[in-house]
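Report on one structure; see the data block that follows.
In what follows, every heavy atom counts, from backbone to side chain, and hydrogens, waters and symmetry copies are set aside. We count residues from 1, following the sequence as given.
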Amino acid sequence: MTATVPFADALSVLRAAAEETRLRILVLLGEGELSVSDLTDILGQSQPRISRHLKLLVEAGLVVRHREGAWAFFRLREGVAGLVAPLIAALDAAEPPLSEDRARLQAVRAQRAEAAQTFFARLAPQWDRVRSLHVPEATVEAAVLDVLGHGPIGSLVDLGTGTGRMLGLLAPRAARATGLDANHTMLSVARANLERQGLTRIDLRQGDIHAPPFGRASFDLVLIHQVLHYLDDPARALREAARLVAPGGRLLVVDFAPHSLEFLRADEAHRRLGFAPEQVAGWLSESGLTDVRLRHLAPAGGAEHQLTVTLWLAHHPEAASGIPDRAVA
């Protein structure tokens, strides 16, 4: 059955879209989220003018705005733009001004990619040092795919997404994918990396893993990959992550087993030197999750002074219970 739209809502949507700049903005946001700065560069218009158009689109319910530090990013609202989606799809993107907008969009994305590579080049030696201490990333990623199985994921959130590597691995199988990180620079890197993979519809948010800005039972899969050892209160982070898991959903934690490499605390800002299997499993169970399964990825030959990676996969029971709710700002 075709969904109906109230007349007043339809009129508001069509009025908002029926202007050249706003229609061009909608087409651009159909390619992925963009900042005000991105849109001013692409459209060659002033920041106040672009902001005014965006305000009207947000008020009409066509566009969603979220803050990332001093920046504001915009994307099309899911499921609300049904009236204008066919129009956007029918437009000839090979003709000006849309063809020119798309060319400038590619230039903006190229600048992001260049900035991301500069950031990587500066930090690569530091990251390579830690990576050399455990099994290859490809082995960890293969284990993640194996424990999750081969079916569709549904909705996914990666808490502490960093460079977006895990989103790049899993988002193609998800109906909806979101990444959360506290650091604006890391989100910029993630955005560039995902765009390079053609993944432009992922929702990247700035926020605190101890207070994620999402409603209860919002995701079918919640992922925390190599984040807990940086946190002062990992148990609280897991409680908040468990709150996000939908009935029948899963929470996957990837981190280090206990070790004695103190230099990681001093040089790499690790707050915890790994976690015992029963410690994380206990936190997950206390948060209302069940059927906690573990997998250990030890270094070749059990070499000393190296790290074992552990995966914990927990499940939310079908009936929602046992996970305290928290008001979302």
Side-chain angles (χ1 to χ4, degrees), residues 119-120 122-148 158-170 179-183 186 189-190 208-210 212 221-242 250-287 289 291-315:
F119 178 80
F120 272 128
R122 189 170 69 253
L123 293 183
Q126 175 182 340
W127 288 351
D128 287 344
R129 181 188 187 192
V130 177
R131 287 175 180 155
S132 69
L133 298 172
H134 60 76
V135 295
E137 293 290 342
T139 301
V140 177
E141 291 169 5
V144 167
L145 293 175
D146 186 51
V147 300
L148 292 177
D158 182 17
L159 300 177
T161 193
T163 63
R165 185 178 182 118
M166 298 309 293
L167 285 173
L169 179 71
L170 298 174
L180 182 78
D181 203 281
N183 187 287
M186 295 304 294
V189 171
D208 183 0
I209 194 173
H210 294 104
L221 175 63
V222 178
L223 175 65
I224 304 180
H225 175 262
Q226 297 292 16
V227 174
L228 287 188
H229 58 259
Y230 290 111
L231 304 181
D232 287 321
D233 193 351
R236 177 185 169 195
L238 286 183
R239 287 196 300 271
E240 288 296 322
R250 297 172 292 175
L251 193 162
L252 176 62
V253 178
V254 182
D255 218 293
F256 297 128
H259 61 85
S260 58
L261 304 183
E262 282 288 345
F263 77 88
L264 291 176
R265 202 192 306 269
D267 298 347
E268 308 294 339
H270 289 205
R271 297 300 183 103
R272 302 296 186 97
L273 298 183
F275 300 91
E278 63 275 11
Q279 184 178 38
V280 174
W283 287 335
L284 294 170
S285 297
E286 290 169 5
S287 298
L289 303 182
D291 191 21
V292 181
R293 304 174 187 180
L294 282 76
R295 179 175 298 189
H296 302 289
L297 305 175
E304 292 185 14
H305 308 301
Q306 290 204 312
L307 302 169
T308 293
V309 176
T310 302
L311 287 71
W312 293 262
L313 182 65
H315 299 72

How many angstroms lie between atom CZ of Arg239 and atom CG of Asp233, to the nearest 0.5 angstrom? 6.0 Å
Can you see which heavy atom on Ala237 is nearest to which on Leu231, and at what distance? CB-CD1, 3.6 Å
Applying salt bridge (charged side-chain N to carboxylate O under 4.0 Å, His left out), can you list everything that pairs with Arg271, at least two apart in sequence or on another chain? Asp232
If we ignore hydrogens and angles and just use 3.5 Å, is the side chain of Arg250 paired with the main-chain N or O of Leu313 as donor and acceptor? no
Measuring from atom CE of Met186 to atom OG1 of Thr163, what distance do you get when rounded to the nearest 0.5 angstrom? 5.5 Å
Name the orientation class of the two ring planes belonging to Phe256 and His134 (parallel below 30°, tilted from 30 to 60°, perpendicular beyond 60°). tilted
Nearest heavy-atom neighbours spanning Leu297 and Ala143: CD1-CB, 3.8 Å
Given side chain to side chain contact (heavy atoms under 4.5 Å, CB included), test Arg293 with Trp312 step by step and report yes or no. CA-CA 6 Å; Arg293 304 174 187 180; Trp312 293 262; over 6 Å; no
Could you tell me the separation between the CH2 atom of Trp283 and the CG atom of Leu289, rounded to the nearest 0.5 Å? 14.0 Å
Residue pairs fulfilling salt bridge (charged side-chain N to carboxylate O under 4.0 Å, His left out) with at least one residue in residues 132-148, sequence neighbours excluded: Arg131-Glu137, Glu141-Arg165, Asp146-Arg295
So do the side chains of Glu240 and Ile209 get within less than 4.5 Å of each other, counting heavy atoms only? no
Candidate pair Thr139 and Val309, rule side chain to side chain contact (heavy atoms under 4.5 Å, CB included), full reasoning: CA-CA 10 Å; Thr139 301; Val309 176; over 6 Å; no
Does the pair Asp158 and Asp181 meet the rule for a side chain to side chain contact (heavy atoms under 4.5 Å, CB included), with working shown? CA-CA 9 Å; Asp158 182 17; Asp181 203 281; over 6 Å; no
Would you say Leu170 and Leu221 make side-chain contact, with heavy atoms under 4.5 Å? yes
Provide the closest heavy-atom pair for Asp208 versus Leu180 in the form atom of the first, atom of the second, distance. O-CD2, 4.0 Å
What closest approach, in Å, do His315 and Asp291 show between heavy atoms, and which atom pair accounts for it? ND1-O, 3.2 Å
If I compare all heavy atoms of Ala276 with all of Pro258, which pair ends up nearest, and what's the gap? N-CG, 3.5 Å
Measuring from atom OG1 of Thr308 to atom NE2 of His296, what distance do you get when rounded to the nearest 0.5 angstrom? 8.5 Å
If you apply the rule side chain to side chain contact (heavy atoms under 4.5 Å, CB included), what do you find for Val140 with His225, and how did you get there? CA-CA 10 Å; Val140 177; His225 175 262; 4.2 Å; yes
Determine whether a donor-acceptor pair (N or O, by modelled atom type, separation under 3.5 Å) exists between the side chain of Asp255 and the backbone of Leu228. yes
Check Val144, Val254, Leu252, Thr161 against Met166 for a side-chain contact (heavy atoms from CB on, under 4.5 Å) and give me the one that passes. Val144
According to the interplanar angle, ranging from 0 to 90°, do the rings of Tyr230 and His270 count as parallel (below 30°), tilted (30 to 60°) or perpendicular (above 60°)? perpendicular
Measuring from atom CG of Leu238 to atom NE2 of His210, what distance do you get when rounded to the nearest 0.5 angstrom? 9.0 Å
Heavy-atom closest pair, residues Ser287 and Ala242: CB-CB, 3.5 Å
